[in-house]
Every structure is written in C-alpha cells, then in structure tokens.
Amino acid sequence: MKKWKLPGILLLITILLVNGCSSISNEPASRTSTFFDTVITITVYDKNADHILDECMQLCKKYELLFSPTNEESEIYKLNHAGGQPVELSRETIEAIEIGLKYSQLTEGKFDITIAPLIDAWGFRSDSPSVPSDSAIAEAKNHIGYQNVKIEGNTVRLADVKSGVDLGGIAKGYIADRLKEYLKGQGVKHALISLGGNVLALGGKPDGTSFNIGIQKPFEETGVTISSVKLKDKSAVTSGIYQRYFEQDGVQYHHILNPVTGYPYENNLLSVTIICDSSAEADALSTTCFALGLKAGMKLIEDTPAAEAVFITSDYEMHYSSGYKK
C-alpha cells in the first residue's frame, strides 16, 4: 500500500489588514499551482498582484526546468547523463549545487547530493516505489559520493559516469529565496511563499503581526497540527518520514535515504523543522539534521547562528533548540 502525504508545514493564516503605503493592497491575492511534485501557493499583499504572481509562476517554471532530475531538457538531467563530460550550467544551478556540497561535506556524506542512483533504485520518483534487491542497493551505493562533483568555472562534471546529482534536499528552499528576491525587487513588502513543506515569509502581515504557521502532526490528516511557529522575514522548512512513503510486506519505508546503508534512516525521528533567514539553508539543515539524528542534529543547530529547530521523535515528543520561540 502506497501513501503520499502532503508535506510537513500547513499554513494557518489569519488575514488581518490595515491601510499602509500605496502599494499595499487591502486584500491578499494568491496563486496556487503544482511544481516540483508538490502544490505551491504564493500570497502577496500588493495592488499589482496579478502581474507579480504571473511572474512568480514563470520563475517556478524556470527553476523546475533547471533542477528537475527527470526532465530531459533540465540542466541537472543533462549533467547526470553527460557521461562524465563537463556541462556548462547556469549560475543558479551551480549555486544550488555548491550549497548541497557544503552540507554533504559538513555531514561527511550522511547528506549527499549524489544520492540520485539510490533514489532511482528505490523508485521514489515513480508511482510504484519498492524495496530494491541487495545487489541493486550495493550497485547504487558504489556511485554515491559528493567528491565526484567537479566544479570548474561555469562547468560541472561527474567523475563517476554512473553518479547523479539530486537537489531535492535544497531545491525548493533555494527557489523560495529567489522568489523572495523577485518580490522585494517589485516593492512587495508582505508575502508568504509556500512550496510544499517550505514556507518563507517576506515581512509579516500588513498589520505588523507575524504569519502563524502550523506544523503538521506526523501521520495525521492534513490540517491536524502538533505545534505552530510565528514567521516574520523567516523561513520554516520541515523534513519528515510521513511526507512520502510506501508499505511493503507490512513494513513502512520512507524517502529519506541513508547513503551509507542504502535504506531509509532509522533514528527514532518523525520530522525536523528548521527556522532561519534563508529558505535554502533551512531546507538543507532540515534534511541534514534528520540524517544526523536528534543528538548530533541538535548540536549542529546550537552551533549554527540564527537557526532554530524542533525535532519530533517517534513518541511524538517535541525537542526544541535553546532559542526556539514557542
């Protein structure tokens, strides 16, 4: 039995508006679509909302084409199928890869952006994932290694021709940051960007209060929350085992894979939510902290300025970093 759950952060937005500068609308405008295999919603409080939201959707299309591992026209697809030859990539794709390499190095490969062969072996990009054979897992693991990514100027190559980059652990966060840049450039002062489990607030609500973001209770129906966080000029990103999983022979298998064992992580965690300024950093940290587990993951957050976290363990206990504001 296969189940797909909506990603881990649910928006709970109370709309309270006041008149402000002339560009601020008295009514929010939202646009919802599907990109990056998830439902996205962008909400702005601006009188030019229609044009701005149109451009936001175009930006989402652009970045999906850059980062998609399955679209044959995307830059990541071309890199993964270049047979080890250097591929000229856009500045944005190289930036995203560099963020991924930073966290791959930080965790010594527990988080690894070259995990694509293992994801393919499990079939998590298909409609029918299943447990691979031992030989298939061993073969996939042989080609995982962030050291295979070689960046030279505006080109990237993979030293192992069977390796493959997957930016799933950081792409949505990176895109949210780029959307925020665009909105600020258009003079937007109040907006909320939701890319599945990635939420980014530009400013707060027009009345000066924060956006209230609910954290989904793992394995409950969408809309049932276990906690909430207030966001103003911050991003919150959740990684959890309930977001994408399947069951086979009575055993549940989730999509956060351990590059060392070849199987999903088993570390007593249900989810990790990170709050910080950059959505890309929050995205990478949520996956990284999940991979590290509660003790090492919490230490990383305590050592990371301006980042806070809440870990939910399998007993549904909440574990907060020292600076987390409840």
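Residue numbers count from 1 along this sequence.
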*Between F246 and F124, is the ring centre distance below 6.0 Å?*
yes

*Evaluate the side-chain proximity of S286 to T273: yes if any heavy-atom separation is below 4.5 Å, no if none is.*
no

*Student check: side-chain heavy atoms of M318 and V310 closer than 4.5 Å*: yes

*State, yes or no, whether a side-chain contact exists between N258 and K110 at a heavy-atom distance under 4.5 Å.*
no

_Could you measure the distance from the CG atom of D177 to the CD1 atom of I99? Nearest 0.5 Å is fine._
7.5 Å

*Could you walk me through whether F67 and Y77 pass ring-ring contact (aromatic ring centres under 6.0 Å, His included), step by step?*
CA-CA 8 Å; F67 300 153; Y77 186 94; over 10 Å; no

_Applying side-chain hydrogen bond (donor to acceptor under 3.5 Å, both in side chains) to S74 and S68, what does each step give before you reach the verdict?_
CA-CA 6 Å; S74 82; S68 171; 4.8 Å; no

*Is E72 salt-bridged to K78, cutoff N-O under 4.0 Å?*
no

_Counting only heavy atoms not in K162 (residues, nucleotides, ligands), do more than 12 fall under 6.0 Å from its NZ?_
no

*asked:* Quick check: closest heavy atoms across I42 and L53, and the distance to 0.1 Å?
replied: O-CD2, 3.6 Å

*Look only at the side chain of E75 and the backbone of S90, and say whether a donor-acceptor pair between them is shorter than 3.5 Å.*
yes

*Parallel, tilted or perpendicular for F111 and Y103, by the 30°/60° rule?*
perpendicular

*For residues A307 and C276, report the shortest heavy-atom separation together with the two atoms involved.*
CA-CB, 4.0 Å

*asked:* Any side-chain to backbone donor/acceptor pair from K230 onto I213? Under 3.5 Å, distance only.
replied: no

*Is the count of non-hydrogen atoms from other residues, nucleotides or ligands lying under 6.0 Å from E181 atom CD greater than 12?*
yes

*asked:* Counting only heavy atoms from other residues, nucleotides and ligands, does the tally under 6.0 Å from CG of D37 exceed 12?
replied: no

*Donor-acceptor under 3.5 Å (K150 side chain, Q147 main chain)*: yes

*salt_bridge(K234, D277) N-O dist < 4.0 Å*: yes

*When rounded to the nearest 0.5 angstrom, what is the spacing between CG in N198 and CD1 in I175?*
9.0 Å

*Is there side-chain contact between L158 and L79, with at least one heavy-atom pair below 4.5 Å?*
yes

*Compare all side-chain heavy atoms of C289 with those of I274 and state whether any distance is below 4.5 angstrom.*
yes

*V165 to V149 - nearest heavy-atom pair and separation*: CG2-CG2, 4.1 Å

_Flag if over 12 foreign heavy atoms under 6.0 Å of CG, N268_ = yes

_Nearest 0.5 angstrom please: C56 SG to H51 NE2, how far?_
9.5 Å

*Sort out for me which residue in T41, T43, D54 forms a side chain to side chain donor-acceptor pair (under 3.5 Å) with R31.*
D54

*asked:* For A116, is there any backbone N or O sitting under 3.5 Å from a side-chain donor or acceptor partner on D166?
replied: no

*Decide whether E95 and Y174 meet the rule of one side-chain donor and one side-chain acceptor closer than 3.5 Å.*
yes

_Testing S278, S194, S279 one by one against L200 for a side chain to side chain contact (heavy atoms under 4.5 Å, CB included), which residue passes?_
S279

*Are a donor atom and an acceptor atom from the side chains of E308 and S321 found within less than 3.5 Å of each other?*
yes

*Give a yes or no answer on whether the side chain of E64 reaches the backbone of F36 with a donor-acceptor pair at less than 3.5 Å.*
yes

_When you measure from the side chain of E302 to the backbone of S322, do you find a donor-acceptor pair of N or O atoms at a distance under 3.5 Å?_
yes

*asked:* Taking the six-membered ring of F35 as reference, does the cationic atom of K61 (NZ for Lys, CZ for Arg) lie under 6.0 Å from its centre and within 45° of its axis?
replied: no

*Kindly compute the distance separating CG (L285) from CD1 (I301), expressed to the nearest 0.5 Å.*
4.5 Å

*Does atom NZ of K299 have more than 12 heavy-atom neighbours, drawn from other residues, nucleotides or ligands, at distances under 6.0 Å?*
no

*asked:* Does R125 form a salt bridge (Lys or Arg N to Asp or Glu O under 4.0 Å) with D120? I'd like the steps, not just the answer.
replied: CA-CA 7 Å; R125 295 193 185 102; D120 291 339; 2.4 Å; yes

*Do S227 and V229 touch side chain to side chain, with heavy atoms closer than 4.5 Å?*
no

*Take the angle between the ring planes of H254 and F290 and call it parallel below 30°, perpendicular above 60°, tilted in between.*
perpendicular

*Would you confirm whether S126, through its side chain, and G123, through its main-chain N or O, come within 3.5 Å as a donor-acceptor pair?*
yes

*Report the C-alpha separation of T155 and E88 in whole Å, then their side-chain angles, then the decisive distance to 0.1 Å, and conclude whether the side-chain hydrogen bond (donor to acceptor under 3.5 Å, both in side chains) test is met.*
CA-CA 4 Å; T155 67; E88 184 175 337; over 6 Å; no

*Between the side chain of D112 and the main-chain N/O of Y146, is any donor-acceptor distance below 3.5 Å?*
yes

*Quick one: pull up CG in N148 and CD1 in I113 and give me the separation to the nearest 0.5 Å.*
10.5 Å

*Is it true that the side chains of H319 and T313 contain a donor and an acceptor less than 3.5 Å apart?*
yes

_Within this structure, what is the OH-CD distance for the pair Y182 and E55, rounded to the nearest 0.5 Å?_
4.5 Å

_Any side-chain to backbone donor/acceptor pair from T93 onto L89? Under 3.5 Å, distance only._
no

_Under 3.5 Å side-chain donor-acceptor pair for T238 and Q216_ = no

_Could you check whether any side-chain heavy atom of S228 comes within less than 4.5 Å of a side-chain heavy atom of T225, counting everything from C-beta outward?_
no

*Is any side-chain heavy atom of I241 closer than 4.5 Å to a side-chain heavy atom of S271?*
no

*Please say which of V44, L183, I24 ends up in a side chain to side chain contact (heavy atoms under 4.5 Å, CB included) with H190.*
I24

*If every non-hydrogen atom of T107 is compared with every non-hydrogen atom of T288, which pair is closest and at what distance?*
CG2-CG2, 3.1 Å

